[in-house]
Amino acid sequence: MMTKHRRNAARVVAVAAAGVLLAGCGSSGAKTGEDPKPSNSVRQAGESVDPSGTPDPKKPGETKEPGALPSAYEFTPDPARVPRTAAEARRLTRNAALGENDWTAGMVRGTPYETAGTWTVLADSCVWSRSALPDGVLDSFTRRLDVPAQDGKGRVKGSVTVTVHKTVEGADREIKDTVQESFRCPSQELGGGQRLSGLMSLQFDQGDVRNADASLFEAGKYTGPGSGGTQDYVWSKSRIGPVTTAVSVKGAKGYQNSDLLRIAAEGGAKVLYRVELELK
């Protein structure tokens, strides 16, 4: 059971980060040949004109003020575009996941760069491991991208995961289960000497989410080989229909928590937009 102190602390952290994570970023990361017009995921970051420079007409859920957030998330996946098979899901996850040139300038491949077709499980011992995909999941795909050490700063480790469930209910259950994991295990072992501690997690109220059907935020501390001591850690997970996305950023020497939030927000907004492209 989460104590009152932890609930309040988690809410403070989430509220402080909400403006950054829900604001997203100003670059869509659209693929060549795709419609470049930004969706809510990108428009919320302040883009209020179409590619020709003409202001968008007022639409339901939006305002005319430049940079204003839409009042609600209104994207509905095209049923014909929602993956029904593992092969279709694999195509979506690979297309939506960010590569080294898609997230933020200067990022490089992490190690291992890609992990595919497995599922992470948090044991009662609070140690993470990987297993086969559960029956309700068509595919899950992770890429690791780092900001290399430079100018006296350490190496920031990032990752983005895209998962396709068979049903919306299954994806929503993943979101809810994730919130409970930090309450059950505020300290977690990631393997390879990596450890998270002081974890606090909170799901955003749906009325506060502008670029997904559901979103949550988690923060804590990270230590591991090459971390240069205890560093900040931020993580977000979102859902659009039956697809979930997760972005994690492990801090390094010379980086403030606000730096990590900006990196996470940029990656989170871009991968959500790419999921929309795959589903519309």
Side-chain angles (χ1 to χ4, degrees), residues 21-22 24 29 31 39-41 72-99 102 114-123 128-144 158-185 188 190 201-206 208-218 235-248 264 267-280:
L21 289 173
L22 296 180
K31 297 175 297 207
S39 65
N40 284 350
S41 302
Y73 184 66
E74 298 179 340
F75 175 76
T76 300
D78 179 350
R81 300 274 290 172
V82 175
R84 302 298 179 193
T85 67
E88 292 173 347
R90 284 193 292 271
R91 184 161 52 249
L92 184 150
T93 58
R94 273 60 170 180
N95 288 342
L98 304 179
D102 301 323
E114 296 178 341
T115 302
T118 62
W119 189 250
T120 54
V121 178
L122 185 61
W128 284 98
S129 62
R130 288 191 173 273
S131 68
L133 293 175
D135 290 339
V137 176
L138 291 171
D139 189 55
S140 188
F141 181 65
T142 297
R143 280 191 178 137
R144 296 168 186 82
S159 71
V160 57
T161 299
V162 182
T163 300
V164 180
H165 291 257
K166 290 181 179 179
T167 65
V168 171
E169 292 76 16
D172 198 48
R173 187 165 53 251
E174 181 191 343
I175 296 286
K176 290 178 169 58
D177 289 348
T178 299
V179 175
Q180 295 304 315
E181 286 173 344
S182 68
F183 300 160
R184 176 169 66 89
C185 292
Q188 301 173 6
L190 304 181
S201 180
L202 185 70
Q203 184 171 352
F204 292 113
D205 292 335
Q206 183 54 44
D208 295 330
V209 181
R210 302 294 191 270
N211 62 348
D213 293 316
S215 290
L216 64 85
F217 171 74
E218 183 174 276
W235 187 74
S236 66
K237 178 173 283 189
S238 299
R239 176 182 68 81
I240 296 178
V243 180
T244 63
T245 65
V247 172
S248 73
K270 285 181 175 179
V271 70
L272 284 171
Y273 180 57
R274 289 165 73 114
V275 169
E276 283 191 5
L277 287 178
E278 294 298 315
L279 294 176
K280 74 175 185 179

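FYI, the numbering just counts along the sequence from 1.
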For the residue pair [X] and [Y], what are the closest heavy atoms and their distance?
X	Y	answer
Gly241	Pro77	CA-CG, 4.4 Å
Glu114	Arg144	C-NH1, 4.0 Å
Ser201	Val179	OG-CA, 3.7 Å
Arg130	Thr118	NH1-OG1, 2.8 Å
Val243	Ala171	N-CB, 4.4 Å
Ala72	Arg210	N-CD, 4.4 Å

request  = Quick one: do Lys270 and Val160 satisfy side-chain contact (heavy atoms from CB on, under 4.5 Å)? Show the steps, please.
outcome  = CA-CA 10 Å; Lys270 285 181 175 179; Val160 57; over 6 Å; no
note = Only residue of Leu138, Val162, Val82 satisfying side-chain contact (heavy atoms from CB on, under 4.5 Å) with Leu92 is Val162
Looking at side-chain heavy atoms only, is the closest gap between [X] and [Y] below 4.5 Å?
X	Y	value
Trp128	Glu181	yes
Pro83	Leu279	yes
Thr93	Glu278	no
Tyr73	Val209	no
Phe141	Arg90	no
Val275	Phe75	no

query = More than 12 non-hydrogen atoms from neighbouring residues, nucleotides or ligands closer than 6.0 Å to CG on Asp135, yes or no?
reply =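 Counting other residues, nucleotides and ligands, CG of Asp135 stays at 12 neighbours or fewer.
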task = Could you pull out all residues at least two apart from Arg239 that satisfy salt bridge (Lys or Arg N to Asp or Glu O under 4.0 Å)?
result =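 With neighbours one apart ignored, the set is Asp172, Asp213.
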key: Partners meeting salt bridge (Lys or Arg N to Asp or Glu O under 4.0 Å) with Glu88 (sequence neighbours left out)   = none
ask   = Can you check side-chain contact (heavy atoms from CB on, under 4.5 Å) on Asp102 and Arg274, steps first, answer last?
value = CA-CA 11 Å; Asp102 301 323; Arg274 289 165 73 114; 3.5 Å; yes
key: Straight-line distance of Gln203 CD to Ser238 OG, nearest 0.5 Å   = 10.0 Å
task = Mind checking the OG-CG spacing from Ser215 to Leu272? Nearest 0.5 Å is all I need.
result =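 Reported to 0.5 Å precision, the distance equals 6.5 Å.
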Partner set under side chain to side chain donor-acceptor pair (under 3.5 Å) for [X], not counting sequence neighbours:
X	result
Glu174	His165, Lys237, Thr244
Ser129	none
Thr245	none
Thr76	none

inquiry  = side-chain contact (heavy atoms from CB on, under 4.5 Å), that's the test. Do Asn211 and Glu276 meet it? Break it down for me.
reply    = CA-CA 10 Å; Asn211 62 348; Glu276 283 191 5; 6.0 Å; no
